[in-house]
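Just so it is clear, the model here is predicted, and its values are computed rather than measured. Note that the numbering runs from 1 along the sequence shown for the chain.
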Amino acid sequence: LETAAGIATTSLAQFGLEADDLTEVNNVLVTAFTNSATNIEDLGLAMSYAGPVAKAAGSNFKETATVLALLAKNGFSGEKAGTALRAAYARLLNPVAKAKDAIEHLGLETRDASGQLLPMTQILRNLKSVGADASDMIRIFGVEAAPALTSAVGMSSNAFEELVGKFQDMGNVAGDVAQQMEAGMGGSLRSLEAAWEGVKISVGEAIDQQSSLKLDELVQSINENKD
């Protein structure tokens, strides 16, 4: 819980969000790690690498987490995912000559009518629709980012859209998970603790009621026979 709170707080700062956005951030984090092969620690690590550049590229927190979940679904999580996504945004913001040539050759749309970078999920869709191959991906994104982005582009359309859709219709998933945890092991442990307290109280009362039990005599007997 302490780790999750730290990641949520850092994410608020990275994307310039307010305290009122904390519930939304928590829901996004839970949606990401419950629907992909990652955990909260790796997700936080990936976000620490990718978050600042993603924000500079115009991406919001939910969009960035969605892409990281897509990468994690394909085996890229933690530092690998974060550095790959950071490099991908950097290449799109300031593409090198061969990246520009590949984008133009493919007819790939990466920006909207106002010149702003499209959401990365839409760019991944566009890459799939124009038939970008591994060579194209390396020219556009470089060797650091290409493998991870290629894995996301290679997902089936149904799998891709299903995961993206989880973030569009997530509801209060963080609250639901918290309730499930309370009903499960967390609640059981608290019940056990309460029961144990009851046992200790009962034992103490039983000892108090045994007027024949002389603790000072017991201590004296132990001291006399300890050798």
Side-chain angles (χ1 to χ4, degrees), residues 24 27-47 49-51 53-54 57-93 95 98-99 101-112 116-174 176-177:
E24 173 82 356
N27 285 329
V28 169
L29 290 172
V30 171
T31 300
F33 75 75
T34 57
N35 289 281
S36 62
T38 189
N39 54 49
I40 189 66
E41 290 84 3
D42 281 347
L43 182 59
L45 181 59
M47 193 65 75
Y49 283 98
V53 180
S59 180
N60 60 38
F61 175 69
K62 182 191 287 188
E63 169 70 11
T64 307
T66 301
V67 179
L68 289 174
L70 288 166
L71 299 185
K73 193 79 169 178
N74 289 279
F76 294 88
S77 61
E79 183 178 350
K80 289 193 300 182
T83 54
L85 187 54
R86 179 180 63 184
Y89 275 121
R91 294 277 291 217
L92 290 172
L93 284 171
K98 59 184 177 182
D101 290 343
I103 290 171
E104 183 177 348
H105 174 73
L106 290 168
L108 175 67
E109 292 186 4
T110 62
R111 296 179 180 269
D112 61 22
Q116 295 297 308
L117 204 63
L118 292 171
M120 185 63 78
T121 48
Q122 186 57 50
I123 293 174
L124 294 175
R125 292 188 185 98
N126 293 349
L127 283 161
K128 190 177 187 69
S129 67
V130 300
D133 59 21
S135 179
D136 295 322
M137 297 292 285
I138 291 174
R139 285 199 294 270
I140 295 170
F141 295 111
V143 294
E144 184 177 29
L149 275 292
T150 300
S151 72
V153 172
M155 295 175 68
S156 71
S157 296
N158 287 342
F160 183 97
E161 297 301 340
E162 181 180 2
L163 182 50
V164 172
K166 296 284 188 181
F167 290 86
Q168 306 307 316
D169 187 28
M170 59 188 180
N172 186 26
V173 65
D176 293 341
V177 169

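- Partners of Ala65 under the side-chain contact (heavy atoms from CB on, under 4.5 Å) rule, at least two apart in sequence or in another chain, are Val28, Met47, Phe167.
- Annotation: side chain of Leu70 is in contact with side chain of Thr121 (closest heavy-atom distance under 4.5 Å).
- The minimum heavy-atom distance linking Asn39 with Asp42 is given by the pair OD1-N, 2.8 Å.
- Listed by first then second residue, pairs satisfying salt bridge (charged side-chain N to carboxylate O under 4.0 Å, His left out) with a partner in residues 69-83 number zero, not counting sequence neighbours.
- The side-chain contact (heavy atoms from CB on, under 4.5 Å) check on Ser59 picks up Ala54, Glu63, Thr64, Tyr89, with sequence neighbours excluded.
- Applying the side-chain hydrogen bond (donor to acceptor under 3.5 Å, both in side chains) criterion to Ser135, with sequence neighbours excluded, gives Arg139.
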Side-chain donor-acceptor pairs under 3.5 Å in residues 142-155, sequence neighbours left out?
{"from": "Thr150", "atom 1": "OG1", "to": "Ala146", "atom 2": "O", "distance (Å)": "2.6"}
{"from": "Ser151", "atom 1": "OG", "to": "Ala148", "atom 2": "O", "distance (Å)": "2.5"}

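- Qualifying side-chain contact (heavy atoms from CB on, under 4.5 Å) partners for Glu104, counting only residues two or more places apart in sequence or in other chains: none.
- Judged as a side-chain contact (heavy atoms from CB on, under 4.5 Å), and not counting sequence neighbours, the contacts of Ile103 are Leu108, Thr110, Ile140.
- Partners of Lys166 according to the salt bridge (Lys or Arg N to Asp or Glu O under 4.0 Å) rule, which considers only residues two or more places apart in sequence or in another chain, do not exist here.
- Across every non-hydrogen atom of Ala132 and Leu106, the tightest pair is CB-CD1, 4.0 Å.
- To the nearest 0.5 angstrom, Ile40 atom CD1 is 10.0 Å from Thr34 atom OG1.
- Taking the side chain as every heavy atom from C-beta outward, Asp112 and Gln116 approach each other to under 4.5 Å.
- Put simply, the side chain of Phe61 reaches to within 4.5 Å of the side chain of Leu29, judged on heavy atoms.
- Listed here is the closest heavy atom pair of Ala32 and Leu43: CB-CD2, 3.6 Å.
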What verdict does the side chain to side chain contact (heavy atoms under 4.5 Å, CB included) test give for Lys62 and Thr31, after you've listed the backbone C-alpha separation in whole Å, the side-chain angles of each residue and the deciding distance to 0.1 Å?
CA-CA 10 Å; Lys62 182 191 287 188; Thr31 300; over 6 Å; no
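- The nearest pair of heavy atoms linking Ala72 to Thr38 is CB-CB, 3.8 Å.
- Separating the OG atom in Ser36 from the CG atom in Leu68 is a distance of 9.0 Å, to the nearest 0.5 Å.
- In terms of the side-chain hydrogen bond (donor to acceptor under 3.5 Å, both in side chains) criterion, Asp133 has no residue partners (sequence neighbours excluded).
- Partners of Tyr49 according to the ring-ring contact (aromatic ring centres under 6.0 Å, His included) rule, which considers only residues two or more places apart in sequence or in another chain, do not exist here.
- Residues that satisfy the side-chain hydrogen bond (donor to acceptor under 3.5 Å, both in side chains) test with Asn126, not counting sequence neighbours, are Gln122.
- Every residue two or more places apart in sequence or in another chain that forms a side-chain hydrogen bond (donor to acceptor under 3.5 Å, both in side chains) with Glu161 is listed here: Arg125.
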